[in-house]
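A quick write-up on the structure given underneath.
Here is the naming used below: chain letters follow the sequence lines, and residue numbers restart at 1 for every chain. Because only heavy atoms are used, hydrogens play no part in the values below, and waters and symmetry mates are left out as well, while side chains stay in.
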2 protein chains.
Amino acid sequence: MTTIYNVAEAAGVSPKTVSRVLNNDVPVGEKTRKKVDAAITALGYVPSTAARSMRSNKSGLIGLVTGAISHFSDASNAPTGLPDLFIVQGIQKVMQASGKTLLIADTGDSATSVSHLIRTFQEHRVEGLIYVANYHKQIDLPIASKSIHTVLANCFDTNHTTSVVPNDQMGQKSLVDKVIKEGHSRVAYLTLDPSMVATHQRLEGYQQALHENGVAYDPELVLCADKLDLIDNEKLIIDAIDHLLSLASPPTAICCGNDKMALKLYGILRVKGIRIPEQISIAGYDNYLAITEGLYPALTTVHLPYQEIGQEAARQLLKLIDGKDQKAPNSAITIVDSPVIWRQSILKI
Amino acid sequence: MTTIYNVAEAAGVSPKTVSRVLNNDVPVGEKTRKKVDAAITALGYVPSTAARSMRSNKSGLIGLVTGAISHFSDASNAPTGLPDLFIVQGIQKVMQASGKTLLIADTGDSATSVSHLIRTFQEHRVEGLIYVANYHKQIDLPIASKSIHTVLANCFDTNHTTSVVPNDQMGQKSLVDKVIKEGHSRVAYLTLDPSMVATHQRLEGYQQALHENGVAYDPELVLCADKLDLIDNEKLIIDAIDHLLSLASPPTAICCGNDKMALKLYGILRVKGIRIPEQISIAGYDNYLAITEGLYPALTTVHLPYQEIGQEAARQLLKLIDGKDQKAPNSAITIVDSPVIWRQSILKI
DNA sequence: TCTCGTTATGACATCGGTGTCATTTTTATT
DNA sequence: AATAAAAATGACACCGATGTCATAACGAGA
């Protein structure tokens, strides 16, 4: 590999002068600069960040840990991994714009390896660290976030680590509010597993929307139709819909915990000969385009702003690195809005 | 940041001895080793890869370029990005196992930036480079792959660069073969955009399956139902299905260019009151679980082995880096098998 | 106890850049 | 033309690890 010394020799100047040319330092004479540039091009010289960062103590690297792999089986193209990708892309976008380089690691299937990955990051002297979760949850990183600038994306912890999460409550509330304003007063809600953070926040949003619109909360309309430990929740959904349809006053609209659940619901209702949205309105959550736009009628849902979360997490980290943010340790959690995406699966009545 | 000198001082030994302990070098006395270990722990010392790699000329880094972002709009959670994630995961898995660290960069929306990313990789002295495409295609990297070990995943070029791609022809052939063996002799095929590599290879597989089973090829049954420059190909699919159903001898099974197309077809057929699979059988391509397993009836499809492609690409790169592979420059392209995933959307007749 | 052969440890240079400070031009001023 | 001020360049040390070689400590046998 050619070094700065080779360039210096070829150009007939000192290494330091080459360094000055590289960094656009003042002052370098025009003729000298040209000679050096020529030598650099001729030799195909590329400076070494290793040497550079050793002197400057700045690696220009950002560590990124994602837990995607551990959440889906090896053989399948499962959709669970998608959020990570979008968040990572958002992060990448911002980091690239700011000249940082991403060091990405996946936890694989063993949770214990996270500390190993972080160790590797430390060896590379990353300037900061972002942990990306595949769904909104609470986590517990195996490091003191004091020792290294850390931002949590799509998750949070109990140590007041800076974190960025979606606004699940507001998202669900906005959706239900809009559904009610379309004339629906019997709005059912098929929730995700109660162990998920989003479930509680969205349920709260659901209730809040009912309350603000003067609609009574009916526990009969709220059912869990998703269990994390189940491979296939189809039976849960069938049971739930059977229950809802058997009610004295059945719902005219059903909100699903996510788009995938809505997709299954479409199939189930179709078998029963129930038309969407004429006979019943459906909404999802996630704005998982492969489903929402592919379905007929297209599915009304709430957009989970993964790219935004990633971008915001990256910005927060850059702020921490710059060190200009030492005054506001109380605003550790940033909440990103989740807009409603209105399509044709909800009927105005 | 604490250095090896701090540790040496704390342990009362020379830096070199600390180095020996770190690398498990012989010979180090038992007492000395303990002292040093204690000092390392006490100071929370983590060695610097920058310094290490400067001396050894080995960075332990692998560069990874993906073009995902440039292929879908910013605001949407489009599914197009999914393949990249799986390939990256496969790569990550293998690289992690071999102790390499991944440097990941996304080309963003400007194709020109690839060379900039590669430049950054060179500055970090990556030991090799993997380019990941979001779908099977031909590309043209802006570097001589001679100057740096390179492997292309899910794509290939005209310079005999080592590459790993899915077996599109065999995948489609196996699927159609199985469909025919279920009793279907009128098998339609709705293809993707003809500009895609996969389209030609799969069409060939389709024809090959017909031929081997003694079924005549009927051009009337093969229609393009997807254009890259179209936002929404629904009308294309509707026209295609209308054409197929108007034939004197309509198809009993329809193979779609991908699962997303099949998803739309489900909706269209449902509106027409045509039952799947009783009245017509459907197959997809990709094994995009969110769709294939969510649909009712579950969609028969061909699995695109993205993880496998990633893993294989990683293995190929490691071989290149090891330099033990200089004898076989002719086997530049590795083809990974795409197995048929049989579900309920094809009826035996 | 002394020598010899291991075994354990340290001194020093080096990897490729850059900060500091000194030195040599060049340009401007009188 | 002499001189000061400014601009351009270079010498050298240093960042943190490790390879090379030298030296010190140790243990065994005479």
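- Applying the salt bridge (charged side-chain N to carboxylate O under 4.0 Å, His left out) rule to B/Arg20 yields no partners; only residues at least two apart in sequence or on another chain are considered.
- A/Lys100 pairs by the salt bridge (charged side-chain N to carboxylate O under 4.0 Å, His left out) definition with A/Glu127, not counting sequence neighbours.
- Scanning residues 49-59 of chain A for heavy-atom distances under 4.0 Å to DNA chain C yields A/Ala51, A/Arg52, A/Met54, A/Arg55.
- In this structure, the side-chain contact (heavy atoms from CB on, under 4.5 Å) partners of A/Val164, at least two apart in sequence or on a different chain, are A/Val151, A/Ile309, A/Glu312, A/Ala313, A/Gln316, A/Thr334, A/Val336.
- Listed by residue number, the members of residues 9-25 of chain B with any heavy atom below 4.0 angstrom from DNA chain D are B/Lys16, B/Ser19, B/Asn23.
- Helix bend of the helix from C/dT1-D/dA30 to C/dT30-D/dA1: the angle between its two end axes, each built from five pairs, comes to 50° after rounding to 10°.
- Of the residues in residues 29-40 of chain A, none has a non-hydrogen atom less than 4.0 angstrom from any atom of DNA chain C.
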Please tabulate, for side-chain N and O atoms in residues 3-11 of chain A, each donor-acceptor pair with protein atoms closer than 3.5 Å (sequence neighbours left out).
from	atom 1	to	atom 2	distance (Å)
A/Thr3	OG1	A/Tyr5	N	3.0
A/Thr3	OG1	A/Asn6	N	3.4

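- Taking a heavy-atom distance under 4.0 Å as the criterion, the stretch of DNA chain C touched by chain B extends 5' to 3' from C/dA8 to C/dG17.
- Under the rule for a salt bridge (charged side-chain N to carboxylate O under 4.0 Å, His left out), B/Glu308 has no partner lying at least two apart in sequence or in another chain.
- Every residue two or more places apart in sequence or in another chain that forms a side-chain contact (heavy atoms from CB on, under 4.5 Å) with A/Val197 is listed here: A/His136, A/Phe156, A/Gln201.
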Donor-acceptor contacts under 3.5 Å from residues 38-60 of chain B side chains, at least two apart:
from	atom 1	to	atom 2	distance (Å)
B/Thr41	OG1	B/Asp37	O	2.9
B/Ser48	OG	B/Ala50	N	3.2
B/Ser48	OG	B/Ala51	N	3.1
B/Thr49	OG1	A/Glu123	O	2.9
B/Thr49	OG1	A/His124	ND1	3.1
B/Ser53	OG	B/Thr49	O	3.2
B/Ser53	OG	B/Ala50	O	3.3
B/Ser56	OG	B/Arg52	O	3.2
B/Ser56	OG	B/Lys58	N	3.3
B/Ser59	OG	B/Leu61	N	3.1
B/Ser59	OG	B/Arg125	O	2.5

